[in-house]
Amino acid sequence: MLDQRFDPAEAEPRLYKAWEENGCFKPSGDTSAQAYSIVIPPPNVTGVLHMGHALNNTLQDVLIRFERMRGKNVLWQPGTDHAGIATQMVVERQMAESGENITRRDMGREAFVDRVWEWKEESGGAIVGQLKRLGASCDWSKEAFTMGDRNHPDNNMMRAVTKVFVELHKKGLIYRDKRLVNWDPHFQTAISDLEVDQREVPGHYWHLRYPLADGVTYMHPIKDEDGNTVETEMRDYIVVATSRPETMLGDTGVAVHPEDPRYAGLIGKFVELPIVGRRIPIIADEYADPDKGSGAVKITPAHDFNDFEVGKRAGHTPLNILNATAHIVDGEEADTAGIPAEYRGLDRFDARRKVVSAFEEAELLQEIENLKIEQPFGDRSNVVIEPWMTDQWYVDAKTMAKPAIAAVKEGKTKFVPENWEKTYFNWMENIQPWCVSRQLWWGHRIPAWYAPTIEQLESDQAYFPGKVFVAESEEDMLAQAREYYGSEIEVSVVDTGIGGAKIWGGGTSAGKASSANIARDPDVLDTWFSSALWPFSTQGWPDKTADLDTFFPTATLVTAFDIIFFWVARMMMMSLEFMGEVPFKDVYIHALVLDEKGQKMSKSKGNAMDPLELVDEYGADALRFTMGRMAGQGRNIRLSKQAVEGNRNFATKLWNAARFAEMNECGAPGEIDYDRVESPVNRWILSELSQCAAEVSKGIEDYKFNEAAGALYKFIWNTLCDWYLELIKPLLAGMDDAAKQETRMVCGYVLDESLKLLHPFMPFVTEELWERRAEGRAEAKGFLMHQSWPSTEPFTDEAAAEEINWVIDMITELRSLRNDLGVPAGSKLPLTLVNAGAEIENRAMSHEDVLKRLARLEDISMTDTTPEGAVTAVIGETMSALSVADIVDIDEARKRLDKELAQLDKDIKSTEGKLSNEKFVSRAPPEIVEENRERIRDWTTRREKLKAARKGLEGL
RNA sequence: GGGCGGUUAGCUCAGUGGUAGAGCACUACGUUGACAUCGUAGGGGUCACAAGUUCGAACCUUGUACCGCCCACCA
């Protein structure tokens, strides 16, 4: 006997364990079947399941369970991402909080990395357990990690990353370059453009006067509000504006537009840079916009991306004024830039204040403008990013993007919804070199080594970068080195163990002429570098494996749009380069999960909903179904607790339908022969079922999860429970054994088929019912999750549908009538059908039990003449008489008829108008015209009957 | 500055040319041994605005307004 209700808290862990222990998530291995694979977007190993994960993984699991039931050889590849900065951050924080009073630098690189591994093994990957609670049917035996397994240093994940780096380097697609990067002074590492957030913050423009050198003056025009020059003023200075005054310490020039008449005479002259006293030239460059600010712009090539380009054009050597922690430089660099002692070592913001007050004191501060400015912030550190000159490794993304663009253009990979292709193209066509080196310790170490060149060695010079060896292993590197140096020179590998890009900038003393010290690049690769290989590295690449053959390329990638650039684009590039194929056929981009007010959920806003709490409260099925029902294409999803509650109720509804089936001995018949089903109500539900099956399949195939889930909701609740189960009650309680047997069989069958259709969305409650409806069935036939997907062949019986729909309409209208006329809910009415005609009379008689039961009728009789002293109404097209005694509100009956007559008149009139329009009749498709004609005929008949009924009410 | 999307019932949203829909909320009534995590019935919308295309527009076109988001080096 089924319990009163489903208990997710008890059932879900039990069912999940059973699936897992029975290897249900593994591919079927049926090589004759089509392979279907999805790689999970690997959550950070530090991650905690949030709503985005819940949506993302629910949708993947729906696809996976659907295709598995359709008989494909299915793999859902799980795993986690080592998440360089995030993980290093977590462990460092933990160390700080533990009171050990030891920093990562105190520990040294090796010990720290060990510590991170320990953390990963002990407390990392909690999210995996959370995915299991959602019901994710990943093949956990294949769980992967972007850093591989430290106990097997030869693991393929490590080899894959190294191989890719080395080969790209060989092809010239990875190179070293010294240029401006986005430098994060908090983490002291370079980050990529994508890891920088532009945020609007309150700020200022300081308008600074730079005195002209050599006594030069010029006439500056003063304009009025309309832009007309009203007077001119003689100036011995030029005004520049900046939001970062401290950068003036590194200015190498002032640029004006070559055609700006105001400054034409100043080009080639110099300004005397305050504070540092350096003479810097006024140059002409089109970058200077005459309409912005004063039209003159200070140029700081070492600390601004635009200025870098301008400086390069003008032949200026960039002057670095900041160190890795964004303090003003000291020592040699400070000497070069002429930075006064009192500025050296200052924090950048202290330096800013000091610079501003120096200008103020010198009466060179023309104006301070208060406004909002866009500033770059590190997306993880939340500190202001500085453009900074460093040596880094870059991937030539521009070259690699070309095939990736073509593949989408050719339709080898499709975006769903399609409009995301635009976003993809826009990004790819304007792609910048991808900075892949990070000054961190946690990650894939760059397989590059630096050594002195032979010339440097001979002259005992400091070397940097010297000779660069890029190799898949230290042995390979040493082989290269021996070949390079010859047998005379001894080679030894040293590990400086110190991170930070600048270590190479200072120069390292060379070894003696007879021996060369070689040091490995201390930096690691951007986490996304290894994530980019995920679709093939997880299948064993670079080894040739059976899994790689079978499951690459994958079928579908399911992800949110915010990851298109970080991940999708890079997987495309890497797959095409190394596998010669796209990594996935479809990219389904789903919505973001927002709160009820449409705000992004975040911990800091305090509006984050915890998916696990919802699972605790309502069950995983309810949350999953909610996600499914809301996952249309494009839109954001606003999640509310109420919605989840409603879908929990849906699960309860299903559960109770199963209880009803159990009580009425509607068992599990297995396959049934549709042709032998006779009763219209049973034939009708079978046709409704087949339609539902088709809609669910189509919905999932087209990634219209909301349509699939909506069809299920409607079928199970509104069709199956509200009507079918009610309509068969008389049959199940009746004396006709044949009909009873047939109905039990069909009811049981439809319920089982519904469980299959619902399973991808609600795996737990359906699996539980599958087993509970026929004890031991799981053992005999296997789990529900391994059953075959229901047929989507249409089964229709129009006659049965028409008949049952007539019954449904009749009941609905009678119920509505009773309500409107104030008939007490408990009282049973006698119903008389007037001149109904043979077909209707037959229907009424064959469904008498159901009509009486569901419309609360005393009895049903037929007559040829309108009865005296009765209230008549029109139901469908049949005039029906009800005894006056039962009707509480005759006035309401009149009103009801009047209202309906008025509406009918209006409808008829407007449709007649349409039909009398010659253009409509001649140009509209004939079936539409006919539809309108028929409508008028029906309405007119009905109107006649309504009028007669209304007349009958006059005297009452 | 460029791009994308949105505007339909009180709320959250479906609905891509043929009589405006669902869930929740609301109102009334609850009887039938699957279900009160429920049932039955009901109220509620010039589909943001304007012009156009069409026999016919929530839907196609153009424009306007407002709201989101993404990308971009404005001193």
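Since this is a predicted model, take the numbers as computed values, not measurements. Numbered from 1 within each chain, the chains take letters A, B, ... in sequence-line order.
- Judged by a 6.0 Å distance limit and a 45° cone about the ring axis, A:Arg624 is not positioned over the six-membered ring of A:Phe761.
- Within the 4.0 Å cut-off from OP1 or OP2 of B:A34, at least one side-chain nitrogen or oxygen of A:Lys729 is found.
- As rounded to the nearest Å, B:A25 and B:C66 have P atoms that lie 36 Å from one another.
- Put simply, CG on A:Asn656 is 13 Å from C1' on B:G39, counting in whole angstrom units.
- With the nearest nucleotide of RNA chain B identified for both A:Glu707 and A:Lys422, A:Lys422 has the one nearer the 5' end.
- A:Asn932 comes within 4.0 angstrom of nothing in the nucleic acid, heavy atoms only.
- Note on A:Ala288: a base of the nucleic acid sits closer than 4.0 angstrom, heavy atoms only.
- We find that CG of A:Leu857 is positioned 13 Å from C1' of B:U32, with the value rounded to whole Å.
- At the heavy-atom level, A:Ser243 lies under 4.0 Å from the strands shown only through sugar-phosphate atoms.
- Remark: A:Arg5 fails to qualify as a cation-pi partner of A:Trp655 under the 6.0 Å distance and 45° angle criteria applied to the six-membered ring.
- When all heavy atoms of A:Pro387 and A:Leu180 are compared, the closest pair comes out as C-CD2, 4.0 Å.
- In this structure, A:Arg942 does not pair ionically with A:Asp907, as no charged nitrogen and carboxylate oxygen lie closer than 4.0 Å.
- Residue contacts for A:Phe565: at a heavy-atom cut-off of 4.0 Å it reaches the sugar-phosphate backbone alone, with no base atom in range.
- In this structure a side-chain-to-backbone donor-acceptor pair under 3.5 Å is missing from A:Asp379 to A:Val196.
- When the C1' atom is used for both B:A48 and B:G6, the distance is 11 Å, rounded to whole Å.
- As judged by a 4.0 angstrom heavy-atom cut-off over every strand, A:Lys298 is placed among residues making no nucleic acid contact.
- Of the possible polar contacts, one joining the A:Glu195 side chain to the A:Ser192 backbone as a donor-acceptor pair under 3.5 Å is found.
- Taking atom P on both B:G44 and B:G10, the two are 11 Å apart, rounded to the nearest angstrom.
- Using a 4.0 Å heavy-atom criterion, one finds that A:Pro824 contacts no nucleic acid atom at all.
- The A:Glu726 side chain lies nearest to B:C35 when the options are B:G18, B:C35, B:U32.
- With hydrogens and angles left out, the side-chain atoms of A:Thr300 and A:Lys298 include a donor and acceptor closer than 3.5 Å.
- When the P atom is used for both B:G39 and B:C24, the distance is 9 Å, rounded to whole Å.
- Interface remark: the A:Arg648 side chain does form a donor-acceptor pair with the B:U37 base, using a distance-only criterion of under 3.5 Å.
- Comparing B:C67 with B:C49, their C1' atoms sit 15 Å apart, to the nearest whole Å.
- Cation-pi check for A:Arg209 over A:Phe359 is not met; the charged atom does not lie both under 6.0 angstrom from the ring centroid and within 45 degrees of its normal.
- Using a 4.0 Å cut-off between charged side-chain N and carboxylate O, A:Arg853 and A:Asp849 make no salt bridge.
- Atom CG in A:Leu194 sits about 12 Å away from atom C1' in B:C70, given to the nearest Å.
- Taking atom CZ on A:Phe625 and atom P on B:C13, their separation rounds to 18 Å, with Å as the unit.
- In summary, A:Lys641 and A:Glu617 engage in a salt bridge, as defined by a charged side-chain N under 4.0 Å from a carboxylate O.
- Between A:Arg935 and B:U19, a side-chain N or O to OP1/OP2 separation shorter than 4.0 Å is present.
- Counting to the nearest Å, the P atom of B:G3 and the CG atom of A:Asn426 are 10 Å from each other.
- The CG-C1' distance, from A:Asp285 to B:C73, rounds to 13 Å in whole Å.
- Between A:Trp655 atom CH2 and B:A36 atom P there is a gap of 15 Å when expressed in whole angstrom units.
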Would you list the protein and nucleotides 20-24 of chain B atom pairs, both N or O, that sit under 3.5 Å from each other?
unit_1 : atom_1 : unit_2   : atom_2 : d
B:C24  : O2'    : A:Gln642 : OE1    : 2.9
B:C24  : O2'    : A:Gln642 : NE2    : 3.3

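- No side-chain N or O of A:Glu386 forms a donor-acceptor pair with one of A:His303 less than 3.5 Å apart.
- In this structure, A:Glu309 atom CD and B:C73 atom C1' are separated by 10 Å, rounded to whole Å.
- A:Thr242 comes within 4.0 angstrom of sugar-phosphate atoms only, judged by non-hydrogen atoms across all strands, and of no base.
- For the side chain to side chain contact (heavy atoms under 4.5 Å, CB included) with A:Pro274, the qualifying choice from A:Leu208, A:Val355, A:Leu364 is A:Leu364, the only one to do so.
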What's touching nucleotides 40-45 of chain B from the protein side, N or O pairs under 3.5 Å?
unit_1 : atom_1 : unit_2   : atom_2 : d
B:A41  : O4'    : A:Asn819 : ND2    : 3.3
B:G42  : OP1    : A:Ser816 : OG     : 3.2

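- With hydrogens and angles left out, the side chain of A:Lys653 and the base of B:C35 share a donor-acceptor pair within 3.5 Å.
- Comparing the C1' positions of B:U8 and B:G3 gives an interatomic distance of 26 Å, to the nearest angstrom.
- Across B:U12 and B:G1, the matching P atoms stand 30 Å from one another, rounded to whole Å.
- A:Tyr237 has its ring centre no less than 6.0 Å from the ring centre of A:Tyr210.
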Query raised in the report: Could you write out RNA chain B as a dot-bracket string, with dots for unpaired bases, | for bases paired across to another strand, and Watson-Crick or G-U pairs counted at under 3.5 Å?
Result: ((((((((.[[[[.)..(..]]]].(((((.......))))).....[[[[[..)....]]]]])))))))....

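- A gap of 11 Å separates the C1' atoms of B:U7 and B:A58, to the nearest Å.
- In the set B:U32, B:C70, B:A34, B:A34 carries the atom at the smallest distance from any side-chain atom of A:Phe660.
- In this structure, A:Arg818 and A:Phe305 both approach RNA chain B, and ranking their closest nucleotides by distance from the 5' end singles out A:Arg818.
- Taking all atoms of both residues into account, the shortest heavy-atom contact from A:Ala658 to A:Leu769 is CB-CD2, 3.5 Å.
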